[in-house]
Amino acid sequence: MLTLPAGPAGSRIIGLGHHQPARVMTNDDVAELVETNDEWIRSRTGIVTRHVADDDVGVADMATAAARHALADAGVTHEDVDLVVVATATAMDRSPNTAGRVAYALRTGFPPGASTPEGEEAPDLRDVVGPGVIDVNTACSGFAYALGLADQAIRAGSARTAVVVGAEKLTAVTDWTDRSTCILTADGAGAAVLRAADEPGVGPVVWGSEPEITPAVLIEAPQDKFAQDGRAVFKWAIMRAADRARRVVDAAGLRLDEIEVLVAHQANLRIIEPLAKSLGVEDRVVVTDITESGNTSAASIPLGLSKWWHAGRIPQGVPALLFGFGGGFTWAGEVVMTPER
């Protein structure tokens with residue numbers, strides 16, 4: 001008979017990190033590229049600014065920076081990590097995958113295939129066993145999927161410490177002549193460190209898809225540009241998102257009045273605010289990082305969570321509902337306990 005490992009009761013988030021490119025693009029900057037204006041963008045999306053990566057900065061670079069921040073926050077070294085999961089829909093490099101690139105860079109300090117920095121010796125990796133490395137692509141719900149997979153791996157005994165990252169370079173797949181989409185997109189990364197725990201701090205992931213609107217959000221060859229049916233997405237979010245989010249809370253064995261923080265995908269302020277009201281949590285902490293970060297797809301939940309956590313805007317040790325939705329058309333979420341400071 002096969003022997004199955006006896007894993008821990010669950011996992012907990014013990015550190016958070018994030019990274020955003022230094023370049024900030026305002027609504028007025030966007031208006032120089034396409035017919036629009038600051039008031040129009042703010043009223044329809046809530047976005048005021050967004051961050052844009054330079055051409056030579058890749059998804060893995062931002063993911064690595066966010067992961068380093070999260071590890072430092074957790075007081076954990078890369079040697080303790082036995083699983084790296086990265087959620088992204090915009091990685092241009094196929095192999096090594098993004099998670100593999102992040103794991104390598106965390107250990108060596110530079111990307112795989114790069115020349116050893118001058119004055120440094122090439123690392124001897126012959127006897128090194130690195131972490132498991134997995135990429136997840138469910139677009140905007142990706143971080144919730146990735147966090148669920150990492151938690152399950154820990155509970156199954158396949159890992160004890162995991163780094164989970166959401167990272168996107170959406171501006172690289174943006175059609176800057178399409179006013180309906182270019183006002184939304186941005187770049188960045190967010191990360192969480194999960195560690196095995198006797199008392200679960202991550203509730204069960206609840207995930208699903210919506211076949212009726214599968215083509216509503218696309219990045220397809222050969223154009224490889226982000227396109228969406230904004231009306232279909234908005235209609236689903238207003239009519240169905242709250243029901244799916246309630247399923248997440250139910251699965252965690254909690255009531256909505258016990259949720260202290262809502263971190264939904266930062267798609268549009270006109271979606272986030274009605275969702276919070278439908279769930280009855282509008283008077284709690286509702287992350288609205290979209291105003292200064294735009295839509296960063298799989299990065300938006302961990303990016304907003306980490307930024308608000310490090311700014312002291314999120315209390316410690318309280319239930320937070322994470323809920324993502326978007327391309328595919330996919331959705332997923334889990335309730336997590338916020339870290340302890």
For the residue pair [X] and [Y], confirm or rule out a side-chain donor-acceptor distance under 3.5 Å.
| X | Y | value |
| --- | --- | --- |
| Asn295 | Thr185 | no |
| Thr296 | Glu168 | no |
| Thr330 | Ser209 | no |
| Thr64 | Asp61 | no |
| Thr181 | Lys225 | no |
| Asp178 | Ser180 | yes |
| Thr138 | Ser141 | yes |

Matching residue for Arg42 among Val48, Leu269, Thr291 - test: side-chain contact (heavy atoms from CB on, under 4.5 Å) | Val48
Do Arg284 and Asp257 pass the side-chain contact (heavy atoms from CB on, under 4.5 Å) test, and can you show the C-alpha distance, the side-chain angles, and the key distance before you say yes or no?
-> CA-CA 10 Å; Arg284 322 290 167 74; Asp257 61 11; 4.2 Å; yes
Roughly how far, to the nearest 0.5 Å, is the [atom2] atom of [Y] from the [atom1] atom of [X]?
| X | Y | atom1 | atom2 | answer |
| --- | --- | --- | --- | --- |
| Arg44 | Thr36 | CZ | OG1 | 8.0 Å |
| Asp38 | Ile183 | CG | CD1 | 11.0 Å |
| Asp243 | Ser278 | CG | OG | 11.0 Å |
| Asp229 | Phe329 | CG | CZ | 10.5 Å |
| Ile47 | Thr26 | CD1 | OG1 | 12.5 Å |
| Ile13 | Leu305 | CD1 | CG | 6.0 Å |

Think Arg244 forms a cation-pi with Trp207, using NZ or CZ under 6.0 Å from the six-ring centre and within 45 degrees of its axis?
-> no
Tell me whether [X] at atom [atom1] has more than 12 heavy atoms from other residues, nucleotides or ligands lying less than 6.0 Å away.
| X | atom1 | answer |
| --- | --- | --- |
| Arg247 | CZ | yes |
| Glu340 | CD | yes |
| Asp283 | CG | yes |
| Arg341 | CZ | yes |

Closest contact, heavy atoms only, [X] versus [Y]:
| X | Y | result |
| --- | --- | --- |
| Ala103 | Pro131 | CB-CG, 3.8 Å |
| Gly166 | Ala299 | O-CB, 3.4 Å |
| Asp187 | Ala53 | OD2-N, 2.7 Å |
| Leu194 | Ala150 | CD1-CB, 3.8 Å |
| Val335 | Val248 | N-CG1, 4.0 Å |
| Pro96 | Arg101 | O-NE, 2.8 Å |

Heavy-atom side-chain contact between [X] and [Y] under 4.5 Å:
| X | Y | answer |
| --- | --- | --- |
| Pro339 | Leu16 | yes |
| Arg240 | Trp331 | no |
| Thr116 | Glu121 | no |
| Val285 | Pro315 | yes |
| Asp73 | Ser306 | no |
| Val205 | Tyr145 | no |
| Leu170 | Ser297 | yes |
| Arg195 | Arg160 | no |

What residues, two or more places apart in sequence or in another chain, satisfy side-chain contact (heavy atoms from CB on, under 4.5 Å) together with Asn37?
-> Glu39, Trp40
[X] side chain to [Y] main-chain N or O, any donor-acceptor pair under 3.5 Å?
| X | Y | value |
| --- | --- | --- |
| Gln228 | Val217 | no |
| Lys169 | Asp54 | yes |
| Thr98 | Ala60 | no |
| Thr108 | Phe110 | yes |
| His78 | Ala105 | no |
| Ser293 | Ile290 | no |
| Asp82 | Ala159 | no |
| Glu334 | Val202 | no |
| Glu258 | Arg255 | yes |

Linked, directly or transitively: [X] and [Y] (ILVMFWY side chains, under 4.5 Å):
| X | Y | answer |
| --- | --- | --- |
| Val206 | Trp236 | yes |
| Val286 | Ile238 | yes |
| Val173 | Val34 | yes |
| Val133 | Leu71 | yes |
| Ile14 | Val165 | yes |

Pair Phe143-Val136, side-chain contact (heavy atoms from CB on, under 4.5 Å): steps then yes or no | CA-CA 8 Å; Phe143 181 79; Val136 174; over 6 Å; no
Report yes if the distance between the aromatic ring centroids of His69 and His19 is under 6.0 Å, otherwise no.
-> no
Output, in order, the C-alpha distance, side-chain angles, deciding distance and verdict of side-chain hydrogen bond (donor to acceptor under 3.5 Å, both in side chains) for Asp175 and Thr177.
-> CA-CA 5 Å; Asp175 179 355; Thr177 66; 2.6 Å; yes
With side-chain contact (heavy atoms from CB on, under 4.5 Å) as the test, would you mind laying out the steps for Leu125 and Arg107 before giving the verdict?
-> CA-CA 10 Å; Leu125 304 177; Arg107 177 170 288 275; 3.8 Å; yes
Is there a salt bridge (Lys or Arg N to Asp or Glu O under 4.0 Å) between Asp151 and Arg155 once you walk through the steps?
-> CA-CA 6 Å; Asp151 172 63; Arg155 287 191 282 116; 2.9 Å; yes
Salt-bridged, Glu292 to Arg50, with N to O below 4.0 Å?
-> no
Salt bridge flag under 4.0 Å for residues Lys307 and Asp289 | yes
Could you please spell out the steps behind the side-chain hydrogen bond (donor to acceptor under 3.5 Å, both in side chains) verdict for Asn268 and Thr45?
-> CA-CA 5 Å; Asn268 190 314; Thr45 70; 5.7 Å; no
